[in-house]
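Here is the structure we will look at.
Count residues from 1 along the sequence. Just follow the structure's listing: the first ligand is 1, and inside any ligand the first atom is 1.
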Amino acid sequence: MKIELNGNTLELMTGDITQQETDVIVNAANGTLMGGGGVDGAIHRAAGKDLLKECKQVREKQLNGEKLPTGKAVLTRGHNLPASYVIHTVGPVWNERVNNQEEQLADCYRNALKIASGEEASSIAFPSISTGVYSFPIELAAETAIKTIADFLSDHHFGHVTIVLFSDNDYEAYAAALKSFTND
Ligand code: AR6
């Protein structure tokens with residue numbers, strides 16, 4: 001499924017984000033930037049050891065040894081990936097007692113898009129941030145992702161945004177959110 005927005009495109013597909021030939025792919029990382037399971041593990045495996053080395057440098061130099069806070073994003077090169085760059089962001093760990101979790105998830109998408117624009121990238125692929133290990137409800141995550149990306153594209157000439165879903169169920173949730181967004 002694909003829509004056009006202000007001369008940009010927003011597309012949903014199922015697949016493996018590590019194989020995307022976009023300028024940038026986004027990693028649903030954790031604050032340590034030292035890799036993990038899920039899409040983070042897949043990206044580190046496909047990019048090779050130099051990605052971890054570069055992540056260590058980012059932690060030391062850019063983050064003064066601190067963890068990357070939730071909602072923030074940093075850039076590295078893609079190393080052995082087809083993508084030129086990886087933007088690492090940390091989604092919120094779902095907790096129904098916390099109020100601003102959609103806002104934190106929206107920050108992930110917004111900050112990644114801002115960094116990609118700054119690098120003059122014109123294509124970016126996102127995974128479904130926070131909906132795996134971090135347990136964010138898929139419908140709410142889909143609605144938040146679509147709205148945030150669409151708002152950004154309405155204000156910027158960026159190019160092409162793809163959301164790469166890892167299962168048919170996840171694809172259906174994002175397709176429903178995109179349909180209800182376009183019908184509003
Ligand atoms: N391509 C696209 N999507 C994928 C791929 C892939 N190769 N592999 C998994 N997914 P998760 P989170 C989907 O758990 O919830 C890590 O350990 C997956 O099916 O990767 O943000 C980090 O280090 C799900 O739909 O990320 C953190 O500790 C989506 O990617 C923590 O998990 C996100 O699931 C982050 O948790």
Side-chain angles (χ1 to χ4, degrees), residues 1 10-49 51-56 58-59 63 66-76 78-83 85-96 98 100-113 116 123-146 148-149 160-178:
M1 188 176 177
L10 170 55
E11 183 173 7
L12 307 180
M13 61 173 284
T14 51
D16 177 356
I17 201 165
T18 64
Q19 292 175 10
Q20 295 303 303
E21 294 179 356
T22 41
D23 296 334
V24 178
I25 65 169
V26 175
N27 183 15
N30 62 67
T32 69
L33 300 182
M34 293 299 109
V39 71
D40 193 8
I43 289 173
H44 275 272
R45 274 193 300 279
K49 288 201 173 69
L51 178 62
L52 186 59
K53 263 192 210 157
E54 193 181 353
C55 284
K56 285 182 179 157
V58 169
R59 277 287 301 279
L63 302 171
E66 302 292 327
K67 289 184 182 170
L68 181 66
T70 303
K72 303 284 190 218
V74 291
L75 179 88
T76 65
H79 300 281
N80 294 339
L81 291 163
Y85 298 104
V86 180
I87 293 177
H88 307 259
T89 187
V90 183
V93 180
W94 177 251
N95 177 349
E96 59 197 358
V98 174
N100 68 338
Q101 295 219 290
E102 289 106 291
E103 208 31 56
Q104 289 182 327
L105 185 62
D107 279 343
C108 292
Y109 287 94
R110 252 190 312 261
N111 286 326
L113 286 163
S123 57
I124 188 169
F126 284 97
S128 176
I129 299 166
S130 280
T131 62
V133 175
Y134 284 176
S135 302
F136 206 101
I138 189 82
E139 289 81 11
L140 187 57
E143 197 185 297
T144 305
I146 300 270
T148 308
I149 294 168
H160 191 65
V161 179
T162 311
I163 307 177
V164 182
L165 288 322
F166 210 46
S167 71
D168 292 341
N169 273 351
D170 287 355
Y171 181 92
E172 289 311 323
Y174 277 73
L178 187 54

Quick one: sort the W94 and F136 rings into parallel, tilted or perpendicular, breaks at 30° and 60°.
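Because their plane-to-plane angle is over 60°, the rings of W94 and F136 count as perpendicular.
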Counting from 1, what ligand 1 atoms have a heavy atom of [X] closer than 4.0 Å?
| X | answer |
| --- | --- |
| G38 | 8 (N), 9 (C), 20 (O) |
| G15 | 1 (N), 2 (C) |
| D170 | 25 (O) |
| D16 | 1 (N), 6 (C), 7 (N) |
| A28 | 21 (O), 22 (C), 26 (O), 35 (C) |
| D40 | 22 (C), 23 (O) |
| G37 | 16 (C), 17 (O) |

Polar contact flag for [X] and ligand 1 (N/O pairs, less than 3.5 Å):
| X | value |
| --- | --- |
| F166 | no |
| I129 | no |
| V133 | yes |
| A42 | no |

Can a non-hydrogen atom of S128 be found less than 4.0 Å from any atom of ligand 1?
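For ligand 1, residue contact (heavy atoms, under 4.0 Å) with S128 is present.
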Under a heavy-atom criterion of less than 4.0 Å, does S167 contact ligand 1?
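Per 4.0 Å heavy-atom rule, S167 does not contact ligand 1.
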From the candidates [options], the one that places a heavy atom nearest [atom]:
| atom | options | value |
| --- | --- | --- |
| atom 2 (C) of ligand 1 | I163, I25, N30, I17 | I17 |
| atom 31 (C) of ligand 1 | W94, F136, Y134 | Y134 |
| atom 34 (O) of ligand 1 | C108, G132, G31 | G132 |
| atom 8 (N) of ligand 1 | L165, V39, I43 | V39 |

Check whether any side-chain N or O of [X] sits under 3.5 Å from a backbone N or O of [Y] as a donor-acceptor pair, and report yes or no.
| X | Y | result |
| --- | --- | --- |
| Q101 | N95 | yes |
| N111 | G71 | yes |
| T22 | S123 | no |

Establish, from distance only, whether the side-chain atoms of H88 and T76 form a donor-acceptor pair under 3.5 Å.
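There is such a pair (donor and acceptor under 3.5 Å, judged by atom type) between the side chains of H88 and T76.
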Compute whether any side-chain donor of one residue and acceptor of the other, for N169 and S167, lie under 3.5 angstrom apart.
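No - no donor-acceptor pair under 3.5 Å links their side chains.
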Min side-chain heavy-atom separation [X]-[Y] under 4.5 Å:
| X | Y | answer |
| --- | --- | --- |
| V164 | V39 | no |
| K53 | H79 | no |
| K72 | V90 | no |

Within this structure, what is the CG-CD1 distance for the pair N27 and I43, rounded to the nearest 0.5 Å?
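Those atoms lie 4.0 Å apart.
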How far is atom 21 (O) of ligand 1 from its nearest protein heavy atom, and which residue and atom name does that atom have?
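It is S130 N, 2.8 Å.
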Kindly write out the residues that satisfy salt bridge (Lys or Arg N to Asp or Glu O under 4.0 Å) with R110, not counting sequence neighbours, or none if the list is empty.
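Listed in chain order: E103, D107.
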